Amino acid sequence: MGKVKDKNACSQLLRVLKGDNFVASGKTRSTHVRQNAIRWVENAIFCNAPDRILKQLTGGVFPAKGDLTRTHPVFVLRVKQNGMIQICPMTSKVHPKYFYVRSGCVLDTGRKQDRDSYILDMLYFNRPKHPDFLAQLHFRGVAPKKCIMKGKRSGGTNK
């Protein structure tokens, strides 16, 4: 293994794996954390949360059925003063009573939502410190409040 040239990136990765609450900027050189910036802030969206772990964290409720080798995005609901971060799964399956991030929304990273993604806030849990969970997440961006809608979808590319 070669010499580490970016000590800041390594220390940021260690803090992620330990579950510390922080905001990091710049690129990390880790193959485990593939996002350009790790931001545990409200309305942040991360993709690639393993369904097998989401099933455990939601008490067996989500996903309701299907292949547990798949993944779903997660949404940051709240960052508490004590450092706890409450997150929940997201799904493209229509849930007309819940908030969703609308299709076409441009996140603060410039990435565009490709479909309506419903925020399953009733299944929230505290962000786990488990490295298998954290290492697989990819930061997509923070959804602007104007992109978070309530009620039935008005269109979009849901299947």
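Everything numeric in this text was worked out from a predicted model, so none of it was measured.
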Find out whether T109 and R140 are in side-chain contact, i.e. whether some heavy atom of one side chain is under 4.5 Å from a heavy atom of the other. no
Applying side-chain contact (heavy atoms from CB on, under 4.5 Å) to I148 and F75, what does each step give before you reach the verdict? CA-CA 11 Å; I148 300 174; F75 185 84; 3.9 Å; yes
Establish whether V101 and F99 are linked, either directly or via other cluster members, by ILVMFWY side-chain heavy-atom contacts under 4.5 Å. yes
CG on L137 to SG on C47, rounded to 0.5 Å: 8.0 Å
Closest heavy-atom pair and its distance - K112, G104: CG-O, 3.5 Å
Return all side-chain donor-acceptor pairs below 3.5 angstrom for residues 54-67, not counting sequence neighbours, or 'none' if the list is empty.
from, atom 1, to, atom 2, distance (Å)
K55, NZ, G60, O, 3.3
K55, NZ, P63, O, 2.7
T58, OG1, L54, O, 2.8
T58, OG1, F62, N, 3.0
T58, OG1, F62, O, 3.1
D67, OD1, T69, N, 3.0
D67, OD1, T69, OG1, 2.7
D67, OD2, T69, OG1, 2.8

Separation of H72 NE2 from L120 CG (nearest 0.5 Å): 8.5 Å
Check: R102 and Q113 side chains under 4.5 Å, non-hydrogen atoms: no
With clusters defined by side-chain heavy atoms of hydrophobic residues (ILVMFWY) lying less than 4.5 Å apart, directly or transitively, does Y124 cluster with I45? yes
Side-chain contact test, heavy atoms from C-beta onward, threshold under 4.5 Å: evaluate it for V76 versus F46 and give yes or no. yes
According to disulfide (SG to SG under 2.5 Å), does anything in residues 60-129 pair up with another residue at least two apart or in another chain? List the pairs. C105-C147
Gap between atom CG of D116 and atom CE of M90 - 0.5 Å precision: 9.5 Å
For residues N48 and Q136, report the shortest heavy-atom separation together with the two atoms involved. CB-O, 3.1 Å
Considering all heavy atoms of both residues, which atom of K93 and which atom of Y118 are nearest to each other, and what is their separation? O-CD1, 3.3 Å
I119 and Y98: which non-hydrogen atoms are nearest, and at how many Å? O-CB, 3.9 Å
Do Q86 and N126 pass the side-chain contact (heavy atoms from CB on, under 4.5 Å) test, and can you show the C-alpha distance, the side-chain angles, and the key distance before you say yes or no? CA-CA 4 Å; Q86 294 178 334; N126 290 328; 3.4 Å; yes
Rounded at 0.5 Å granularity, tell me how far CE in M84 sits from CZ in F125. 11.5 Å
Once rounded to the nearest 0.5 Å, what's the spacing between atom CG of L77 and atom CD1 of I85? 11.5 Å
Just by distance, do the side chain of K150 and the backbone of K97 share a donor-acceptor pair under 3.5 Å? yes
Any idea which heavy atoms bring R127 and I87 closest together, and the distance? CA-CD1, 4.1 Å
Shortest non-hydrogen contact between H95 and T91, atoms and distance: CD2-CG2, 3.7 Å
Is it true that atom CZ of R70 has more than 12 heavy atoms of other residues, nucleotides or ligands lying nearer than 6.0 Å? no
